[in-house]
Amino acid sequence: MALKKRYAFVIDPARCIDCRACMVACRAEWNTPAGQTRIWVHSDGPRGQFPNLSQTFVPAQCHHCEDPWCVSACPTGATFKRDSDGLVLIDEEACIGCGLCVNACPYQARFRNLETGKADKCSACFHRVEAGEMPACVATCIGGARLFGDLNDPNSTVSQAIAGRAVYRPINDQVNTRPMTLYLSPPDASAVQVSPSPRQPVPAETFWHTVALPVVKAAIALAFGGQALAFIFQLFKGENEYEEA
Amino acid sequence: MEEITREQWLLNRRQFMKGAVLAGTGAALAKLGIFDLGPAQAQAGPEHFLSGPTADYEVRTLCEMCVWRCGVIAKVRGGKIEKLDGNPEHPHSLGNLCARGQSGLMMTYDPDRVLYPLMRVGERGSGRFRRATWEEALDFTAEQMLRIKNTYGPEAMIFSSTHNLSQPLFENLLNAYGSPNYGTQRSLCFNAMVTAHLLTLGIQEPARRYDGMNYIILTGRNLMEGISTSETRQLMERIAQGAHVVVLDPRFTKTAAKAAEWLPIRPGTDLAFHLALIQVIIDENLYDRAFVERYTVGFDELAEAVRGYTPRWAAPITEIPEATIYRIAHEFAEAAPYAFAHPNWRTSNFINSFQTERAIAVLNALIGLCPEQGDCIFADESTVSLGGPPQPPYPRVTAMRLDGVPWKYPLVPLKLGVFQEIRDAVLTGQPYQARGWFFSRQNPIMSLPDMARTIEAFKKLEFIVSVDIILNDSSWYADVILPEATYLERYDPLHAVGSRVFIRQPVVEPLGEARSALWIYRELGRRLGLEDYFQYLDEEDYIRQQLAPFGVPLEQIKQVGYFDAPVPERSGERTWNTPSGKVEIASETLRKAGFPAVPVWEEPPRPPEGRFYLLTGKVGQHTQFATQNNAYLQEVDYHTQDLWLHPTAAAQRGINNGDLVRVTSDAGAVEVKVWLTEGIRPDCVYLAPGFGHASRGLKKAYNRGVNASRVHVTFTDPVSGGQALTQTFVTVERA
Amino acid sequence: MSREKLTLEEREALRQQTLVKHYTANILTHWFNAAMWLLLLPTGLGILLGKVYPFVPEAWNNLMNQIFGGLAPLIYWHSIIGQVWFFVLIFNVFFGFRKYFIPFAATRMFMDKDDWKWLMIRPFQMFGLKKDKELPPQDAYNGGQKLYSYLVIFGTVVIGVTGLIMTYSESIPTSLQWIIQWAMPLHFLAAGLTFAGVIIHVYMGAIMPEERQAFFSMFNGKVNGLYAYLHHRKWYERKMAEKAAWEDHYNRQLAQSQPPADAEPAPQGGD
């Protein structure tokens, strides 16, 4: 059996020029509705004081986490982590567009597609990857800031890129979903936009877990247990064929 | 190797967690806890079967979202263009496309496209047109053009177009028609660069080489936003490899953000900076003596002329510290031959821009343009000579040119012209009155400075015809609009990059009745009685004739997208295409025309008290005035349309971030939202060009942002004819 | 059971009587409902992820996924079956509204004092408690059955409506996304509670020997007089009164004239 793949994005903010070609490539590849996007280039205004300034551009997208909160939140299983390569994907046909995953993602990497009404996010252009190409954003990246590949393959561009270098995962005290995006430099001030923040579950979700689930469990346990007891009692009591109507 | 545990990852380092330095690859990675696939992470159960977008077929063609012409692989499904990818076999794309290139299909599918010939029915500028047949539109156009020719002479018809592959055929049309009045984008863009490099090196567009370059000076060249895909990529690659890039720009551009050094030079004083570098390099013997002696003329005259241009002299002018200039001169010369000062592109900034470009060309020559071993820092221009239809001689033109070349601007190459002068000649009627204007894929109303004057000129004409794809601002004022197919729908003449010849070919059938320029010009030529100048049956026939000398069948180049022409052997001593055959540090041509033979300081005007320099520049998501209606690009051009203003200057005027401000120049005023940023000199404001379209035919771009050409004032560089765009001084106050 | 003991003869005589408890339409609807539940419940449970909702073992998800060839087809078929189920029920109610539903609701669903009393006693008796307590007479349905009918009707509506919301969630704008979000737990809650009722219903209907007559009546629609007398005394007496009234009426018509050969029987009312 072939070794499982372990896809990851490796992003070098130092190489990003904020040209946003990746965002258009993604839009063209997936026909994302106007006003929505699967990927981002975060930037902070120039920091510092004239003339000593610096500015960072940090590309981001779904991190295809190893511990994806969206997958845990999905009530249908439409969002899943693919066993063979670790990509977090959405089976649109199984998605009912409830948005619990959108709310669960601490990176705000997900949105509900305005046209399809389904959850949407970066899919790492799995169809291109399967055909041996790079995801659209990576393929078109002029600065070489976006890389993608298999960490289990020592010859892949990503393995080569991180060799001997410090890598940074966008995690913090509250959130560690083990994201599979490795940044090659600390995105410092832009971290505000790249750093995860957990969100409160929606009321319906809370209701589900704190009310619906215990109530249903109790009702079924009661009904089933009651009838089982009654049945046992019945067995003791036995039947009287003449009593019967 | 020390093993790094996952716990170490979890140690908080504020926002981000710093990882371990990964000393090995592959196997080593697997050992690291952080890279272990945790237990039961993957969802068990049957795999979901997903399928992504697929393509029916692919076509290799050339991009036309800007003039860099990247190679494109277009994927088509169900007769519709699905996706464009960069062609890795094209040296201009190297497999990448920029945002504009990626958005190309939305130009074809723009709902605002002109799909049928249109003829004006309302007042000029009312935007009321009716659909016409090609026959009718072409007949009417030819009739009007012949009427003007017969009544006023062919010179009464102005022609203008912009950089595209069919431009030679447009020029063929106007030359055959006999008009000397031809306006292009060149004087609004690179006249200074081209003129200076032609006079110095005999090369009009020095092609930059980046391999191994360690020291690069960019004088306003904003490659990270004025993107030329391969060059931008090569520059980024050099930066990543540690090359020292110096950016001279009054504005903190994205290029500045990537560069090692940003020098917010005072606008218009780049010349002083470069003269000071030349002075230090000569004074301290840092130049390449062998190259200078063998390949240049006029070094001694230069040495004499620059004696006074010390860093100390330049410092107060440029507002760059003396020590910095001195240091850069040393570092630059020492990095040679792995160093160059970028010749730049759009250099229409100040009336001294020509001298600035001359100084840059001379600076590169001094440090040894071509080392003994290895390549010159500038590549040779393409030498491929394509075939083509028979070309009869053009009629002799006796009329003066309206743009003043050469009678007013003796040194401006005939090819470049001075576009803004043509517009003014229409208004003044001097030296004679123009009657008609034919523009092709061009938008003078947006691109020329002082929009109000351009519209006035348009209203004065008897006949205006345009070839356009969408209903641009200038076409809005036309009498006839001939719809051209987009670059994904048509053939264009072949394009050579080095020795590799590329084809632009249709990916899908044109929408509506849009036609290629090759077809439109030929049909018009026939109706004007100029059929001898258009001896081809159709687009494919034209390309076959271009291919004829190489014996390459059309089908082959259509399939592969290109062919490699034989490379001519270079032989003998290197020569330069100048009168002396050498690099002309001192130019006799300039001297004869009454200009200084070597670069000398020319003081540019400074804004009067209370006014700002109005800077223009590039937005990485748009090309000039052509792409603002593109739906995909509108999604990514956020944060590009505000007026940049330094907080100090804003505080003096009581302006807050996000306020609406009025920007007033001698040409006009606009109201625009302000963005306060440390990234601009306090004496400058910046407004991106191309926004604020005036044509209601561009539904998405109409009135989106503001149009800088409403405030740009017309000034012309007397040597190169370039429009000095940054010489517009404005006041800024709360609206 | 009533206070007065029946004699053996009376019992036998009652046994010979046959009363129509269910019309064919109701029987068909009942078994259609049951069959759909048999399909919908396992598939529905298969959609809920074992990991997220520990209600269902993950193995069940996998089994269902494998049977249907994946999660998407499983969801697809669940919603198709669900729509068939819901629309057939709506169709039945709609077209049988006057003839079946109104009489059913009017005579078989209202709870009276006796029903509440019955509810206070009968459940305990199933475990041998409150043996000495006398059960009040019941109508066609006892208090438990009446309550269950509310549960089923309410559950069906909630399940159906929330199911439709989830099936056609695409057309719900994101600003109204809370509708989809609430549809899920409500669907789950309604199905869960109804299923809890179904457990009792199945036990009482199919397993308990005392209700054997009720079980068979779900096939042929009939119960014998003894069962009706013992378990549904009020209904039995009403049916007998109705029958007597009808017979009286018929006899009077017969007396006035020769009875027509194709006389239409009067509606039996109540059922």
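Residue numbers begin at 1 in each chain, while the letters A, B, ... track the order of the sequences. The figures that follow rest on heavy atoms only: side chains count, while hydrogens, waters and symmetry mates do not.
When the candidates A:Glu205, A:Lys217, A:Glu115 are compared by the number of heavy-atom contacts under 4.5 Å with chain C, A:Lys217 comes out ahead. Counting heavy-atom pairs under 4.5 Å between each of A:Cys95, A:Ala204, A:Gly97 and chain C puts A:Ala204 at the top. Heavy-atom pairs under 4.5 Å with chain A were tallied for C:Ile207, C:Ile75, C:Leu8, C:Thr174; the largest tally goes to C:Thr174. Interface remark: of the candidates C:Val223, C:Ile165, C:Ile172, C:Ile172 forms the most heavy-atom pairs closer than 4.5 Å to chain A.
Within residues 180-188 of chain C, the residues that have a heavy atom under 4.5 Å from a heavy atom of chain A are C:Ile180, C:Gln181, C:Trp182, C:Met184, C:Pro185, C:Leu186, C:Phe188, listed by number. Using a 4.5 Å heavy-atom cut-off against chain C, the contacting residues of residues 100-113 of chain A are A:Leu100, A:Arg112.
Crowding of C:Lys222 atom NZ: a count of heavy atoms from other residues, nucleotides or ligands under 6.0 Å not exceeding 12. No more than 12 heavy atoms of other residues, nucleotides or ligands shown are found within 6.0 angstrom of CZ on C:Phe124. Remark: A:Glu93 CD is loosely packed, at most 12 non-hydrogen atoms of other residues, nucleotides or ligands lying under 6.0 Å away.
Between the side chains of C:Gln17 and C:Tyr227, not a single donor N or O lies within less than 3.5 Å of an accepting N or O. A:Gln36 and A:Arg27 share no donor-acceptor pair across their side chains, judged by distance under 3.5 Å alone. Using modelled atom types, one finds a donor on one side chain and an acceptor on the other under 3.5 Å when comparing A:Thr181 with A:Gln61. Inspection of the A:Ser195 and A:Asn172 side chains reveals an N or O donor paired with an N or O acceptor under 3.5 Å.
Between atom CG of residue C:Asn220 and atom NE2 of residue C:His22 there is a gap of 9.5 Å, rounded to the nearest 0.5 Å.
Ion pair A:Arg169/A:Glu66 flagged as a salt bridge, since at least one NZ, NE, NH1 or NH2 atom sits closer than 4.0 Å to an Asp/Glu carboxylate oxygen. Note on A:Glu92 versus A:Lys121: no salt bridge recorded, every NZ/NE/NH1/NH2 to OD/OE distance being 4.0 Å or above.
Note that C:Arg233 lies in the cation-pi zone of C:Tyr229, set by a 6.0 Å cut-off to the ring centre and a 45° limit from the axis.
Interface residue A:Phe231: backbone and side-chain heavy atoms are both found under 4.5 Å from chain C. In this structure, the portion of C:Gln125 lying under 4.5 Å from any heavy atom of chain A is its backbone and not its side chain. Both the backbone and the side chain of A:Thr76 come within contact range of chain C, each with at least one heavy atom under 4.5 Å from a heavy atom of that chain. Neither the backbone nor the side chain of C:Pro123 has a heavy atom closer than 4.5 Å to any heavy atom of chain A. The part of A:Gln234 that comes within reach of chain C is its side chain, from C-beta onward, which places non-hydrogen atoms under 4.5 angstrom from that chain.
A perpendicular orientation is assigned to the rings of A:Trp30 and A:His127, their planes being inclined by more than 60° (bins at 30° and 60°). Using cut-offs of 30° and 60° on the angle between ring planes, the pair C:Phe219 and C:Phe216 is tilted.
A donor-acceptor pair under 3.5 Å is absent between the side-chain atoms of A:Thr32 and the main chain of A:Ala28, judged by distance alone.
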